[in-house]
Amino acid sequence: MTPNLTTDLHPAGHDATQAAARVLAGGGLVAFPTETVYGLGADATDARAVARLYAAKGRPAFNPLIAHVGDLDAARRIARFDERSLRLAEAFWPGPLTLVLPKAAGCPVSDLATAGLDTLAVRVPAHPVAQAILRAFGKPVVAPSANISGHVSPTTAAHVQGDLAGRIDLIVDGGPVSVGVESTIVACLATPLLLRPGGLPRADIERVLGTKLTRPAQDVAADAPQPLAPGMLASHYAPRTPVRLDARDLRPGEALLAFGPCPLAGADAARTLNLSTTGDLVEAAANLFGHLRHLDTAGASAIAVMAVPDEGLGEAINDRLRRAAIPQH
Ligand code: TXA
Ligand code: MG
């Protein structure tokens with residue numbers, strides 16, 4: 001499952017910026033410096049590119065990703081701001097602040113990048129190399145920290161190379177980063193919540209908001225916010241229709257989420273979607289949330305899901321499917 005790519009390393013500059021924009025447009029993966037840490041970028045609107053990104057990081061689960069854009073205008077095309085979030089953006093962007101906001105209508109960011117959520121994490125990085133790449137590419141770029149899952153976030157191009165050489169297309173070397181910890185994440189949905197402390201101090205944010213920031217009720221690891229406050233942020237996407245895993249047959253009224261060349265007998269074509277007819281896990285990941293959403297509107301008694309092998313991206317797909325199968329209220 002480990003891709004074996006040739007990873008180019010370019011010093012930052014005009015040529016590297018153009019190369020980065022070309023790789024992103026072709027669905028590839030580019031590591032680049034932001035002021036916080038190096039990010040691993042992919043076209044946020046291309047689900048297959050996003051699936052490759054999860055595979056390159058070896059993520060055991062599809063955590064939602066941060067969409068990076070060049071300025072506030074670009075951010076307003078993908079997320080809905082209110083008076084408070086606008087004040088924070090105007091005070092701290094570009095900079096080490098990520099805002100979690102409702103997705104804008106028609107937001108082109110793929111469902112896989114947001115892990116199926118209706119909210120979107122957005123950030124405008126200040127680093128000139130990140131800025132140049134975002135402007136040259138012209139579309140939102142999702143970028144988790146450019147390390148293998150479970151390793152520390154990289155602050156130099158050499159760190160990135162150590163972790164990801166052979167797994168990504170390009171590393172743009174802009175020298176060591178200045179902040180060295182990830183961005184501060186604030187959810188502006190209801191009461192502003194501090195989801196992750198980071199490069200922008202909490203007190204600066206509280207000064208602009210004029211109120212204290214609260215943390216989500218659940219105590220969570222610093223680098224892995226799992227927002228759990230009911231009604232404000234769901235920790236994961238789940239369809240309204242019940243989900244039945246590891247289906248080997250179909251029951252009356254069920255829709256089918258198939259995987260592989262042989263969908264279950266008796267499937268109703270109008271209520272069947274296949275994650276990948278060839279059994280390709282990258283394709284399956286790219287289709288996962290879109291297919292679930294679609295089948296959720298089919299008026300079925302349940303969504304029967306065929307088994308997906310628990311290898312490579314299959315581990316993350318199964319993690320998300322198990323969460324989707326937890327009953328909602
Ligand atoms: O400084 C940073 O933020 C770096 C640079 C590259 O920009 N990026 C970064 O991304 O740290 P990542 O993927 O390592 O961390 C993003 C965090 C994840 O823990 C994820 O759970 C959270 O943001 N997140 C993303 N979308 C979210 C959403 N809609 N609701 C709640 N949390 C979200
Ligand atoms: Mg990270």
Side-chain angles (χ1 to χ4, degrees), residues 29-42 44 50 53-54 56-69 78-80 85 92-104 107 109-127 129-131 133-134 140-155 159-160 163-164 172 174 177-190 192-200 215-216 218 220-229 232-237 289 320:
L29 305 177
V30 180
F32 61 89
T34 80
E35 71 278 23
T36 56
V37 299
Y38 273 72
L40 178 60
V50 176
L53 188 154
Y54 286 112
K57 280 195 58 111
R59 282 215 167 170
F62 298 134
N63 295 322
L65 301 172
I66 300 171
H68 296 67
V69 290
I78 58 175
R80 286 210 314 274
S85 45
F92 299 115
W93 279 356
L97 172 68
T98 294
L99 295 173
V100 173
L101 303 169
K103 262 188 186 175
C107 171
V109 172
S110 75
D111 279 337
L112 185 60
T114 57
L117 300 173
D118 294 321
T119 57
L120 180 67
V122 198
R123 162 157 134 77
V124 177
H127 196 291
V129 174
Q131 276 286 330
I133 292 171
L134 291 170
V141 170
V142 282
S145 48
N147 52 277
I148 299 266
S149 194
H151 291 192
V152 294
S153 296
T155 55
H159 293 166
V160 179
D163 256 23
L164 297 175
V172 178
V177 302
S178 56
V179 176
V181 295
E182 293 91 339
S183 60
T184 303
I185 304 181
V186 175
C188 284
L189 301 170
L193 292 175
L194 179 64
L195 297 185
R196 178 176 75 181
L200 181 66
R215 300 229 40 198
Q218 208 94 352
V220 293
D223 66 336
Q226 288 177 303
L228 293 172
M232 286 200 278
L233 273 178
S235 61
H236 60 266
Y237 167 74
F289 292 108
R320 270 6 230 193

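Each ligand, and each atom within it, is numbered from 1 in the order the structure gives.
- Without hydrogens or angle criteria, T184 side chain to G198 main chain gives a donor-acceptor distance under 3.5 Å.
- When only interatomic distances are considered, the shortest N/O to N/O separation between T119 and ligand 1 falls below 3.5 Å.
- The shortest N or O to N or O distance between E182 and ligand 1 is not below 3.5 Å.
- At a 4.0 Å heavy-atom cut-off, ligand 1 does not touch T114 at all.
- Counting heavy atoms from C-beta outward, L120 and C107 have side chains that approach closer than 4.5 Å.
- Distance check, rounded to the nearest 0.5 Å: CD1 of I66 to OG1 of T36 gives 8.0 Å.
- By the 3.5 Å distance cut-off applied to N or O atoms, H68 is counted among the residues near ligand 1.
- Contact annotation for L117 and ligand 1: only side-chain heavy atoms (C-beta onward) come within less than 4.0 Å of the ligand.
- At a cut-off of 2.8 Å, S145 is counted among the residues with an N, O or S atom near the Mg ion (ligand 2).
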(request) Dump the intermediate steps for side chain to side chain contact (heavy atoms under 4.5 Å, CB included) on D111 and K103, then the final yes or no. (result) CA-CA 11 Å; D111 279 337; K103 262 188 186 175; 3.4 Å; yes
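- We find the CD-OG distance between E182 and S153 to be 3.5 Å, quoted to the nearest 0.5 Å.
- Heavy-atom contacts of A143 reach the following atoms of ligand 1: 6 (C), 8 (N), 10 (O) (cutoff under 4.0 Å).
- Annotation: the span from D163 atom CG to I148 atom CD1 amounts to 5.0 Å, rounded to 0.5 Å.
- Near G39, with a cut-off below 4.0 Å to any heavy atom, the atoms of ligand 1 are 6 (C).
- Take V181 and apply the side-chain contact (heavy atoms from CB on, under 4.5 Å) test, not counting sequence neighbours, and it matches V179.
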(request) Kindly determine whether V177 and T34 satisfy side chain to side chain contact (heavy atoms under 4.5 Å, CB included), including the steps that lead there. (result) CA-CA 7 Å; V177 302; T34 80; 5.8 Å; no
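- Taking every heavy atom of I66 and a limit of under 4.0 angstrom, the matching atoms of ligand 1 come to 3 (O), 8 (N), 9 (C), 10 (O), 16 (C).
- Taking 4.0 Å as the cut-off between side-chain N and carboxylate O, R80 and D118 do not count as a salt-bridged pair.
- Close approach of ligand 1 to S183 is summarised as follows: ligand atoms under 4.0 Å from at least one heavy atom of the residue are 1 (O), 2 (C), 3 (O).
- Residue contact check: A121 has heavy atoms under 4.0 Å from atoms 25 (C), 26 (N), 27 (C) of ligand 1.
- When only interatomic distances are considered, the shortest N/O to N/O separation between Y38 and ligand 1 does not fall below 3.5 Å.
- Taking 4.0 Å as the cut-off, P125 does not count as a neighbour of ligand 1 on heavy-atom distance.
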